[in-house]
Amino acid sequence: MIRKTRLFTPGPTPLLPAAQFAIAAADIHHRTPEFRALYQKVLADLKVFVGTKNDVIVLASSGTGAMEASVSNLTSPGDRVLVLSAGKFGERWVGLAKAFGCNVDVVSAPYGETFDLEEVRKALKSDTRVVFMQATETSTGARHPVAAVAELLRQNAKDTLLVVDAITGLGTTHLDMDAWGVDVLIGGSQKAVMIPPGLAYLAVSKRAWEAMEKSRNPRYYFDLRKERKNAAQGESAYTPSVALIAGLGAALDYIAGQAGGDLALGRAKLVNNAETCAAMTRAGVQALGLKLFAPSAPAGAVTAVEPPEGMDSGAIVKEMKSRFAAIIANGQGEMKGKLFRIAHLGFFDYMDTIAFLGALEQVASALKFPGFAFGRALTAAQNEFVACQQNAKAQAKSPALAGAER
Ligand SMILES: *Cc1c(COP(=O)(O)O)cnc(C)c1O
């Protein structure tokens, strides 16, 4: 059989064809009215996509650039900060904050779990300047309670800023930055917005802009104040990634187009899509006798699954690639061999999910998963799909997701 290469990885994710065409056609200079019109539209659309009235800044970097910018722009050497860490991306916050001289407190949870809010509350000190966390920890497939942490800060630490790496959370989980009081919310291009790696974006609250004036950490390329000034004129401080910005514009148009041109509704629909693909996948792998790596708080962005006992997850990753050209992710760092990860963020749909689970059944058969029988994963996923459709219909009565099931 021929094999079509398919990415099922949590960044990069499959590319939207309309965005690929826009990228190829983006032959414009960045100090022209043509670019300014494009950039202004993309910045305005990004606000709607993020769901905020705050300014959104776009950087030519991978997601980590925006994480670094949050640290360098909001902290000074010696500042006390709190990192909530339960995986490789939480650990990245620790490394970044230390690199900029912060005094780092950490609340950690075991890989695959999320945080105890009481522990978070206790770890907040009167001088904690910033709390850093992930919306979804891509290395373990866990979802973290952003709304609850934001509420905790409102109750106990009014002056502490909250910075959320939502690089795989945006477009896969419901987030309400303005209502919850999140100060910085970060996204990346190679995730839910279906375009290649190379752009990071971040929404910044009013009080985070104010805090930047007082922070004494060095910054130059990632000076967000400079980007904001230029963005107000429809330009970026340095040469922007013109092609990716054109691709992002096309992707946001596509997302709006999924909901009759309403981008906010399109985003809600994208979130429902990821949540449905994730729920189908969880049902499917469990029906094969596999265990979820993050069963207590599974993310909509990515599902992490443990291999059968005694099997290295690399065998499943390898079989998926060699037989079906399907690229799934192994565990990161010390989790390598212990889990495999399937993404649901971005340009994935029902068909992709069913096809993936069909292929996984073939892999399970070839690798002799204990008690294996064909059809179990697919049957469970089909039933889950029906349940999700019914749920979405019921939820459509709530204003936040009105119409999102269509
Ligand atoms: C992908 C990802 C990042 C960014 O990684 P880059 O390689 O710098 O783009 C950050 N946080 C999370 C949770 C991610 O999934």
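Remember, it's 1-based here, ligands and their atoms both numbered in the order they're listed.
A heavy-atom distance below 4.5 Å is not found between the side chains of P307 and L290. Counting only heavy atoms from C-beta outward, the side chains of I255 and K269 never approach each other to under 4.5 Å.
For H29 and F35, the gap between ring centers reaches or exceeds 6.0 Å. Between F8 and F348, the distance separating the two ring centers is shorter than 6.0 angstrom. Residues Y111 and F293 place their aromatic rings such that the two centres sit no closer than 6.0 Å.
Among all non-hydrogen protein atoms, the one lying nearest atom 11 (N) of ligand 1 is D165 OD2, 2.6 Å. In terms of protein heavy-atom proximity, atom 6 (P) of ligand 1 is nearest to S62 OG, 3.4 Å. Of the protein's non-hydrogen atoms, the one nearest atom 5 (O) of ligand 1 is R92 NH1, 3.4 Å. Considering only non-hydrogen protein atoms, atom 1 (C) of ligand 1 sits nearest to K191 NZ, 1.6 Å. The protein heavy-atom contact nearest to atom 3 (C) of ligand 1 is F89 CE2, 3.5 Å. Among protein heavy atoms, the minimum distance from atom 13 (C) of ligand 1 is reached at T138 OG1, 3.1 Å. Closest to atom 9 (O) of ligand 1, if we only count protein heavy atoms, is Q190 NE2, 2.7 Å.
Between Q134 and ligand 1, no pair of N/O atoms sits closer than 3.5 Å. For a threshold of 3.5 Å applied to N or O pairs, the pair formed by G63 and ligand 1 contains at least one separation below that value.
The shortest separation from a heavy atom of T136 to ligand 1 is under 4.0 Å, placing the residue in contact. The closest approach between any non-hydrogen atom of E137 and ligand 1 is not below 4.0 Å.
Between atom CG of residue N103 and atom NZ of residue K98 there is a gap of 10.0 Å, rounded to the nearest 0.5 Å.
Taking the centre and axis of the six-membered ring of W209, the NZ or CZ atom of R225 falls outside the cone set by 45° and 6.0 Å.
Only the side chain of I167 comes within 4.0 Å of ligand 1, judged by heavy-atom distances.
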**Message:** Run the side-chain contact (heavy atoms from CB on, under 4.5 Å) test on S189 and Y201 for me, step by step, so that the C-alpha distance in whole Å, both residues' side-chain angles and the decisive distance to 0.1 Å come before the verdict.
**Reply:** CA-CA 8 Å; S189 59; Y201 50 97; 5.5 Å; no
